[in-house]
Structure formats: structure tokens, C-alpha cells
Amino acid sequence: MITGAASIFWRQVLALTLANLKSRYRKTVAGFVWVVMNPILMYSVQCYIFHWVLHIEIANYQLFLLGGLLPWIFIMQSLEMTTPILVNSGRLLKSFPTNPLIFVFAQLLDNAINFCAAFLCVLLPLAFFEGVDPWGIVGLPFAGLLLFSGVLAICWLLSVANVFFRDTRFIVSFVLSVLYFLTPIFYPVELVPETIRWLVKLNPLYLMIRPFQTALIHFTPLPFARDCAASAAVSILGLPLAAAYWKRKKNEIYLYL
Amino acid sequence: MKSISTSEGEILRVERLNLVFQVMPHPFWSWRDAFTQAVRNPLEVLLAEPDRLHILKDVSFTLRQGDRVGLLGVNGTGKTSLCRCIAGIYAPTSGGVVMNGRLRAIFDTAVGIQPELTGIENARLLAELIYPESDYDRERLVSEATEFSELGKFLDVPYRLYSNGMQARLCLSLISSRPCDLLILDEVFDGADAFFREKISARILKMISASGAVLFVSHGADQIRRVCNRLIVLADGHVVHDGDVESGLALYERSGARKDFSF
């Protein structure tokens, strides 16, 4: 049963999410279409370059790239947009007794809605023409939930850190651009030399992306469950860490906003 | 927050409230500063104890039905911090705050949430934050508030085009829409233009008389005389006066503490 405080929290998160969705492309002609089109265009171009120009040979490359690239875009946009969010909302946070976390949750939910819309737009025609294991499609919502909770933990941590260390957001941008090449998104993990493959498997962003790739390409229950467990570990470790950091710094935040 | 039993008619009890902030001795605003400081003097960085800012020191008082309490003190004495503790924004380091009923606290009036959205859309969002309880008819509340603000056709203009005065009109109209058990107003009369200030003052006074109790932060002696029937004076985080308005104002004036300082 949802308590009063939790119900207020989620109502405020939903109201802010809707406002974010409305305002993001208000002055544009195509509006919401741009939000969905951007990842789809990125996906189409990368699919062409990596598969047809650079000849990365994987069966069902379109599905493989879908499982890696779109979750990556969700992660990247979420980290870049939520890291400075507490600083940007500083004046508002000091004006009313409002839970600062509603701003983090709302931005994340906004990005998750856009991610789901873009993912479905690509998945549906691919599933029709290429064929996807129906059990793999059933597994996708689990992969999505684990991705959401893992990204939430990282965003929560970084948004608080950015209040005290203002160049956190620049470091995040830099690290993400490096990790794009170091994370097996457009190439399979098997191409990474075996001696350093363990390093890739320590990358939390890859751990959250991996269940999507397993669900879409040659789905088998056991490897999928194993990848989901690794993805869940990111949330299990990250959420208590973020909560503890938040609890410790909650008061001081207002001094630095 | 520590649990303390309250007696009948009591709306708020603050008991031996202490608020201490642990502040980094070298306020690193960037990782670069942190790195250069660590290279320059690693021992100092490693061994440095966080600075302790003791903002509120054993603050105790109660508010009962009908109390209209002014909170006075020079800048940096902890007025806003005390209000934020009561509002639940800050967690007290020790001591307790017990609230019986519904609280509303306002610390700034010229704020919006989404600059790209219109005034009316921002008003709806603000209403969600200011009146979080589900039993309010928010559509009616927003419609009454926007009518009172007299912003007319500007309500459909993006909020980023609003001047500070227009933002204050909208915010003040919203916050003064419904009474509550405890109302905390922190220097809220500033910002609006002279005509609207008169109009909003009358409305806020009406809301104050309909509310259970009020905690009113202001530096204006006239405003305090007009609104309050009791005055608390803070100095260096301590309560130095809790009682009659005129003697509190006299103490504040006598202390000659009208010099600004900040922590």
C-alpha cells in the first residue's frame, strides 16, 4: 500500500515528468517526434556504418545494435541531464519544502518514456522482418526495469556530487564519450581480447545493457537470467550507496546551491 | 525527528533544537581545485576536520492556536534555518520538532519551474508543490489564484518572459489561496510592485487570520507590529526573547545589532 508521503512524491514526479515532456520541444514544429527521431536516426546511421561500411560481421546486426545503442543513448542522456539538475533547480528547492529527488526521478522518467517510444519504433519492424524469440521480448521489460533502477542509482549519486564539485558534469560528459568506445555497444564482447575482457565486464553500464543484447539475439533463459542478475547487482550496490550519500549530504546541499 | 508529546491546542513544539552543518574546510567547487589542493598540501587535506557551523543552539518554543509569531534577528542568526527545520527541509542535528496539522512554508516568491511553459501551466505545477495534499481542488485553486493575480492574457505567455514582479504576483496569489494550521512566511512581501503589495498584504493578512498559527520572518518593524501578537528574537542561533512584540523590537533595536554578517 502506498503511504501518503509516497503517493505525494509520485504525483509530483508525474506532474513534473509531463511538464518536462511538454516543454522540451515546445517551440519546435515536430515536437515529440524529434525526441523519438534522434535515437532512431543515430541507430540507422550507425547500423549502416558499422555493418555495411566497416563490415562488423554478426548475425542479426540490426537487432544487436538495437539492444546496445538505444539503452546507451538512454544512459547517456539521463546522466548528462540529471547530473546538473539539483544545481539548476536550486532556487526552487530553497523556496518550498519539496523533495529534491522528484526532479531527478522526473527527468529520468521523461527520458525513459522517450527511450521506450524509440525502442518500440525500431523493434516492431525488426521483430516482424528479422524475427525475435517471443520469450526474449517477454524478457525486455525486466531488462528495462533493471536498466532504469541502475541508471537511477548513478544519476542520484552524480546529481548530489555535482552540488559540491561543479565539474562533475563535465567529467561525466568526458567519461561517457570515452566509454562509448570501450563498451561493447556496436561490437560484440567476444572481439575484446580475452586478457582484458574481465575489465569490460566490470563496466556497470555494460552490465545494464547486456540483458537487452541477450534478449534480442539468440535468447536462452539461463544466460539471460545471469545477465539480469549482473544488471541487478548495479542497482543492489548503487541504490544503497546513493541513498547513504544523499542522507549524509542532504542538509549541506542547501548551503551549496 | 525526535518524538515529543504535545498538549491540547499546541500546533508546533520545538524542543532543544540544534542544527550543525559539517562544511568542507576547503570549499572545493571543482575537482581541479580539490586536486591542486591535494598536491599542494596533501597532509592538510587528509587530516583536516570538517568545519562545524553551529547554526541553531538549543532553540525551544511552542506555537498554539492563534499565535502570530514574528521571527526577528540580524542576517545569519538562523531565522531561515529554523524555519527550514520546522518545514522538514533540514534534519535537526539534535532535539525535536513536532507538528500537529498541516504546514505550508514559503521562502521565495519569484520562482517558476519550467520557463518554456506558460504562466498558467507553471501555476498548475507550483500548486502541485505548494499544496501536495490530495484533498485540494487544484483546478479551482489555480483558477482563483490566477484571477486574483490580474495577469490576464500574460497567463498564456511563456514564464521565461515574466519579470520578477509578475512572477511574484503569480506565486503570492497561489500561496495566499488557502489557509493552513501553520503558515511560515519568510520575507515574502518583497518583490511585487507597490499596488499589488497592498492588495496581496490584505489577502495574506486575511489568510493569516484564517490559519491556525503563523511564523512570520521579516526585518520590517511595522509589518511585524501589523501581523504579529508575539515576537521571537534570535541572536547567534539562540532565542534571546520570546514574548511581547514591543519589548522584543526594543531589545532588537537596543542590541544595535543592525550590522550584517554571514556565516
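Chain naming here is simple, since letters A, B, ... match the order of the sequence lines and numbering starts at 1 in each.
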Note to self: Please rank L117(B), I130(B), I175(B) by heavy-atom pairs under 4.5 Å with chain A and give me the top one.
What the structure shows: L117(B)
Next item on the list: Flag yes if more than 12 heavy atoms outside Y245(A) fall under 6.0 Å of its OH atom; otherwise flag no.
Entry: yes
Check: Is the number of heavy atoms from other residues, nucleotides or ligands under 6.0 Å of F148(B) CZ greater than 12?
Finding: yes
Item checked: Minimum-distance pair of heavy atoms, taken over all atoms of A15(A) and E128(B) -> CB-CG, 3.9 Å
Notebook entry, point to check: Closest heavy-atom contact between L129(B) and Q12(A)?
Noted result: CA-NE2, 3.6 Å
Margin query: Please find the pair of heavy atoms, one from D108(B) and one from S95(A), that lie closest to each other, and give the distance.
Written below: CB-OG, 3.1 Å
Next item on the list: Report, as yes or no, whether the 6.0 Å neighbourhood of atom CZ on R197(A) holds more than 12 heavy atoms from other residues, nucleotides or ligands.
Entry: yes
Margin query: Just to verify, what does D156(B) make a side-chain hydrogen bond (donor to acceptor under 3.5 Å, both in side chains) with, not counting sequence neighbours?
Written below: none
Checklist line | Closest approach of P97(A) to A105(B) (non-hydrogen atoms, all atoms of both residues) | finding: CD-O, 3.3 Å
Notebook entry, point to check: Can you tell which of P115(B), A87(B), A91(B) has the highest number of heavy-atom pairs within less than 4.5 Å of chain A?
Noted result: A91(B)
Next item on the list: List in chain and number order the residues that pass side-chain hydrogen bond (donor to acceptor under 3.5 Å, both in side chains) with T146(B), two or more places apart in sequence or in another chain; answer none if no residue qualifies.
Entry: none
Checklist line | R104(B) versus chain A, the contacting section by heavy-atom distance below 4.5 Å | finding: neither
Notebook entry, point to check: Is the number of heavy atoms from other residues, nucleotides or ligands under 6.0 Å of F142(A) CZ greater than 12?
Noted result: no
Notebook entry, point to check: Looking at F170(A), F9(A), Y254(A), which makes the most heavy-atom pairs under 4.5 Å with chain B?
Noted result: Y254(A)
Next item on the list: Among T98(A), N20(A), L16(A), L92(A), single out the residue with the greatest number of heavy-atom pairs under 4.5 Å to chain B.
Entry: L92(A)
Notebook entry, point to check: When rounded to the nearest 0.5 angstrom, what is the spacing between CG in L18(A) and CD in E121(B)?
Noted result: 11.0 Å
Note to self: Show the nearest heavy-atom pair for residues K94(A) and F107(B), with the distance to one decimal.
What the structure shows: O-CB, 3.1 Å
Checklist line | Smallest separation among heavy atoms of K250(A) and G88(B), with atom names | finding: NZ-O, 4.2 Å
Margin query: Please rank I184(B), L19(B), L126(B), L125(B) by heavy-atom pairs under 4.5 Å with chain A and give me the top one.
Written below: L125(B)
